[in-house]
Amino acid sequence: MIGAEYYEQSGPPRQVTVATVVVLGFGVLYFLLGLMALTSAGDQISEIVIGSKGSSAVVAVLAWVGAALYIVPALFLRSGRPWARYLIIAVAALGIVGGLLSIPTGLLGLVLHAGLLFLMLHPSTKAWFHR
C-alpha cells in the first residue's frame, strides 16, 4: 500500500476522479429531471416518479434536492473533504437499496451506485482522505 505522503504530492487517486465524474453525472441528470418536470411533460413525469399527475412542482423540488445531494459533495470530493466522501457513501448506499427495491428496472442504478461505493471504500481512496 502506498503511503499518504504519495497522495499529498500527486493529487487524488484515480478512484476519486472517476467517482467525481459519476457523481456529477448523477447530479446533472437529477437537475435535468427537475427541469423536465416543469415542462409540458410534467404530468407524465410526476405520474412515473410519485404516482400522481399534477405534482410536477413536487417532482422538480425533489429532483433538485437529489441533484444537490450529488453535486455539492462532488465539488469537494477532489479537494479531499472527508464529509464529501461520507455523504457519497451514504447516497451510494441509498441508491443500492433503491436499485434493489426496483429490480429489474433499477438494475443500472444499482450497478452504478455499487461501483461508487466500491470507489469510495477502495484502500487508496481511504488513504488519500485520511492523509
Side-chain angles (χ1 to χ4, degrees):
M1 176 180 257
I2 298 174
E5 303 83 30
Y6 173 79
Y7 294 115
E8 289 178 13
Q9 297 171 357
S10 67
R14 181 179 53 229
Q15 290 84 356
V16 173
T17 302
V18 171
T20 301
V21 170
V22 171
V23 171
L24 281 173
F26 271 122
V28 167
L29 289 175
Y30 271 92
F31 182 78
L32 292 174
L33 176 65
L35 287 179
M36 291 295 294
L38 297 178
T39 67
S40 60
D43 281 341
Q44 291 86 359
I45 291 171
S46 67
E47 188 172 9
I48 290 168
V49 173
I50 60 175
S52 68
K53 290 184 176 182
S55 301
S56 57
V58 172
V59 172
V61 169
L62 289 174
W64 290 334
V65 168
L69 284 174
Y70 283 104
I71 293 172
V72 171
L75 296 175
F76 291 94
L77 202 57
R78 287 183 45 84
S79 61
R81 300 284 195 264
W83 65 265
R85 177 176 169 257
Y86 296 134
L87 187 54
I88 295 299
I89 289 171
V91 169
L94 289 174
I96 291 169
V97 170
L100 288 172
L101 294 175
S102 62
I103 284 181
T105 57
L107 196 55
L108 178 61
L110 172 67
V111 170
L112 289 173
H113 283 95
L116 270 177
L117 193 59
F118 171 78
L119 292 170
M120 289 293 97
L121 296 176
H122 193 274
S124 64
T125 302
K126 289 171 71 173
W128 186 71
F129 276 95
H130 291 106
R131 62 179 194 253

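Computed over heavy atoms, backbone and side chain alike; hydrogens, waters and symmetry mates excluded. Quantities reported herein were computed from a predicted structural model and do not represent experimental measurements.
Judged as a side-chain hydrogen bond (donor to acceptor under 3.5 Å, both in side chains), and not counting sequence neighbours, T20 has no contacts. Partners of V97 by side-chain contact (heavy atoms from CB on, under 4.5 Å), not counting sequence neighbours, listed by chain and number: L101. Applying the side-chain contact (heavy atoms from CB on, under 4.5 Å) criterion to L119, with sequence neighbours excluded, gives Q15, V18, A19. Under the side-chain contact (heavy atoms from CB on, under 4.5 Å) criterion, V49 pairs with I45, V59, not counting sequence neighbours.
S46 and G54 make their closest contact through OG-N, 3.6 Å (heavy atoms, listed as atom of the first residue, atom of the second, distance). Pairing each heavy atom of S124 with each of P13, the nearest pair is O-CG, 3.7 Å. Across all their heavy atoms, A92 and L116 have their closest contact at CB-CB, 4.0 Å. Across all non-hydrogen atoms, the minimal contact from M120 to I88 is CG-CG2, 3.7 Å. Closest approach of S52 and S55 over heavy atoms only: OG-OG, 3.2 Å.
Side-chain contact check for H130 versus R85: some heavy-atom pair is nearer than 4.5 Å.
Linking ILVMFWY residues whenever their side-chain heavy atoms come closer than 4.5 Å, directly or via other members, leaves V91 and V111 in distinct clusters. The hydrophobic clustering, which links ILVMFWY residues whose side-chain heavy atoms are closer than 4.5 Å, places L108 and V22 together. There is a path of hydrophobic side-chain contacts, each under 4.5 Å, that joins V16 to I89. Hydrophobic clustering keeps L94 apart from V72 (ILVMFWY residues linked when any side-chain heavy atoms are closer than 4.5 Å, directly or through intermediates).
Each side chain to side chain donor-acceptor pair (under 3.5 Å) pair with one or both residues in residues 86-96, not counting sequence neighbours, would appear here, but there are none. Among residue pairs with one or both ends in residues 61-82, those qualifying as side chain to side chain donor-acceptor pair (under 3.5 Å) are T17-R78, Y70-H113; sequence neighbours excluded.
Rounded to the nearest 0.5 angstrom, L69 CG and L87 CG are separated by 6.0 Å.
In this structure, the side chain of S56 does not engage the main chain of D43 through any donor-acceptor pair within 3.5 Å.
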List the atom pairs, donor and acceptor, that lie under 3.5 Å between side-chain atoms in residues 24-39 and the rest of the protein, sequence neighbours left out.
residue : atom : partner : partner atom : Å
T39     : OG1  : M36     : O            : 2.7
T39     : OG1  : A41     : N            : 3.3

